[in-house]
Amino acid sequence: MDKSCMHSDRRSKAYELGVEAFLNFSVENLLTTTHIRCPCVKCVNLKFFGVGIIRDHLYFNRVDQNYKNWTFHGEPWEATTNASRNVEEDDDHSRYSFVSEEIEIDDNNFGDFGSDPYEFANVIGDEDQPLYLGCRKFTKLSVLVKLYNLKANHGMSDVCFTELLILQGDLLPEGNTIPASMYEAKKTLCALGLSYEKMHACPNDYILYRKEYEDSTNCPTCGISRWKEGKDSILKEGVLVKVVWYFPPIPRFKRMFQSHEIAKSLTWHAARKSIDGQMSHLADSLSWKLLDDK
């Protein structure tokens with residue numbers, strides 16, 4: 001599919017045709033018109049809207065120039081190089097126009113980033129990659145971690161963080177390796193920190209809204225609503241009362257067992273045998289063995 005129209009001037013007929021082709025492609029592949037990721041520069045595939053709202057966003061905000069492969073909209077994934085940072089400017093809007101709207105990120109929107117332990121090796125390789133040619137003080141990974149810590153410590157919105165990355169990229173020498181968007185930064189950091197899941201929960205901790213309760217709006221035990229109540233005593237559907245963060249252990253085990261020395265330590269109690277029949281460690285005690293049996 002020809003995607004060049006999506007990078008034309010927003011006032012041109014070519015851009016209009018490109019937007020319609022993109023929306024038709026998304027609807028045909030996702031089979032929905034109500035819950036589609038918005039690829040505009042402000043939403044960067046982090047928010048879901050209907051087709052009409054997404055069309056407006058693409059005209060008002062422009063499509064994210066880094067979104068070359070439409071993986072979130074039904075296109076098969078392909079390994080692509082980082083998009084060029086030389087984004088065509090529009091005469092009427094500067095890409096440095098900061099906005100006060102903050103995007104609420106659902107980290108599950110980033111798919112399986114970090115679930116593959118071998119992806120960790122690729123990220124560690126970024127530690128040896130200089131921020132730009134000739135830079136000895138900072139690497140791509142060290143700068144990204146520092147910037148993200150700054151974002152977290154001062155409550156910087158995701159839109160603002162994306163704008164900061166773009167500005168930093170233009171201030172640094174040409175060919176620098178700093179990410180051009182929040183999406184790229186998150187993709188790298190998720191591989192470092194491994195994945196986690198957010199689960200909707202009853203505020204009284206009776207149930208998790210998953211499996212048979214996935215579509216429920218009230219807790220079957222205490223009857224409290226899943227949604228938060230506003231100041232006008234009206235329930236705000238979509239605004240959760242409580243969210244539980246779950247850290248799956250299996251990807252972390254895979255990460256640890258990649259190291260021969262750590263794997264040896266993790267299996268020490270099972271592999272170790274008492275040589276003289278005497279208890280020389282707590283693992284030799286009956287209590288420990290009973291715990292293992294249970």
Side-chain angles (χ1 to χ4, degrees), residues 37-49 53-54 57 60-67 72 85 87 93-114 123 126-127 131 137-172 176-201 203 205 209 226-232 234-248:
R37 295 179 189 270
C38 180
C40 77
V41 294
K42 291 185 179 179
C43 296
V44 287
N45 287 309
L46 301 179
K47 281 191 172 183
F48 291 80
F49 298 105
I53 296 178
I54 293 177
H57 280 208
F60 284 110
N61 305 328
R62 189 180 57 195
V63 68
D64 180 9
Q65 302 294 305
N66 293 317
Y67 188 47
F72 288 127
R85 207 179 302 275
V87 180
H93 291 80
S94 168
R95 57 180 171 157
Y96 301 124
S97 56
F98 287 81
V99 293
S100 59
E101 177 187 358
E102 180 173 353
I103 296 177
E104 295 181 0
I105 281 191
D106 178 357
D107 295 270
N108 292 327
N109 288 345
F110 290 95
D112 294 329
F113 296 152
V123 177
D126 291 339
E127 179 61 29
L131 183 60
K137 187 174 183 180
F138 297 106
T139 64
K140 174 183 176 181
L141 186 59
S142 67
V143 167
L144 183 55
V145 170
K146 288 178 182 294
L147 287 174
Y148 203 82
N149 282 337
L150 186 69
K151 173 192 183 307
N153 291 335
H154 298 281
M156 189 185 301
S157 74
D158 300 304
V159 173
C160 182
F161 187 67
T162 295
E163 297 283 359
L164 176 62
L165 290 174
I166 294 174
L167 178 60
Q168 291 275 10
D170 285 343
L171 291 174
L172 293 171
N176 64 80
T177 57
I178 195 168
S181 67
M182 177 68 185
Y183 172 79
E184 290 183 34
K186 195 78 173 183
K187 182 177 179 180
T188 300
L189 293 173
C190 281
L192 264 182
L194 285 173
S195 60
Y196 58 89
E197 300 175 23
K198 288 183 179 179
M199 299 181 181
H200 304 175
D205 301 324
Y209 287 101
R226 178 180 187 169
W227 312 119
K228 185 175 291 186
E229 189 176 283
K231 295 180 179 179
D232 51 3
I234 297 178
L235 294 177
K236 297 182 178 180
E237 188 171 346
V239 181
L240 301 168
V241 176
K242 188 169 188 177
V243 177
V244 174
W245 292 43
Y246 171 66
F247 299 88

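All residue numbers refer to positions in the sequence shown, counting from 1.
In this structure, Tyr183 contributes its side chain and Tyr67 its backbone to no donor-acceptor pair below 3.5 Å. The backbone N or O of Leu131 sits nowhere less than 3.5 Å from a side-chain atom of Thr139 that would complete a donor-acceptor pair. A donor-acceptor contact shorter than 3.5 Å is absent between the side chain of Asp64 and the backbone of Pro39.
Contacts of His200 classified as side chain to side chain donor-acceptor pair (under 3.5 Å), with partners at least two apart in sequence or in another chain: Arg226. The ring pair (Phe, Tyr, Trp, His ring centres under 6.0 Å) search around Phe161 returns Tyr148, not counting sequence neighbours. When the side chain to side chain donor-acceptor pair (under 3.5 Å) test is applied to Lys242, the partners found at least two apart in sequence or on another chain are Asp205. Qualifying side-chain contact (heavy atoms from CB on, under 4.5 Å) partners for Val241, counting only residues two or more places apart in sequence or in other chains: Pro203, Lys228.
Between Val143 and Phe138, the closest heavy-atom pair is CG2-CB, 3.4 Å. Shown here for Asn61 and Cys40, the closest heavy-atom pair between the two residues is ND2-SG, 3.5 Å. When all heavy atoms are compared, the tightest approach of Ala201 to Val244 is CB-CG2, 3.5 Å. In plain terms, the two heavy atoms of Ile54 and Cys38 that are nearest each other are CG1-CB, 4.1 Å.
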Going through the checks in order, is the side-chain contact (heavy atoms from CB on, under 4.5 Å) test met by Leu144 and Lys140?
CA-CA 6 Å; Leu144 183 55; Lys140 174 183 176 181; 5.6 Å; no

Output, in order, the C-alpha distance, side-chain angles, deciding distance and verdict of side-chain contact (heavy atoms from CB on, under 4.5 Å) for Gln168 and Leu147.
CA-CA 10 Å; Gln168 291 275 10; Leu147 287 174; 4.2 Å; yes

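Here Asp158 contributes atom CG and Cys43 contributes atom SG; the two are 11.5 Å apart, rounded to the nearest 0.5 Å. Distance check: Phe247 CZ to Glu197 CD gives 10.5 Å after rounding to the nearest 0.5 Å.
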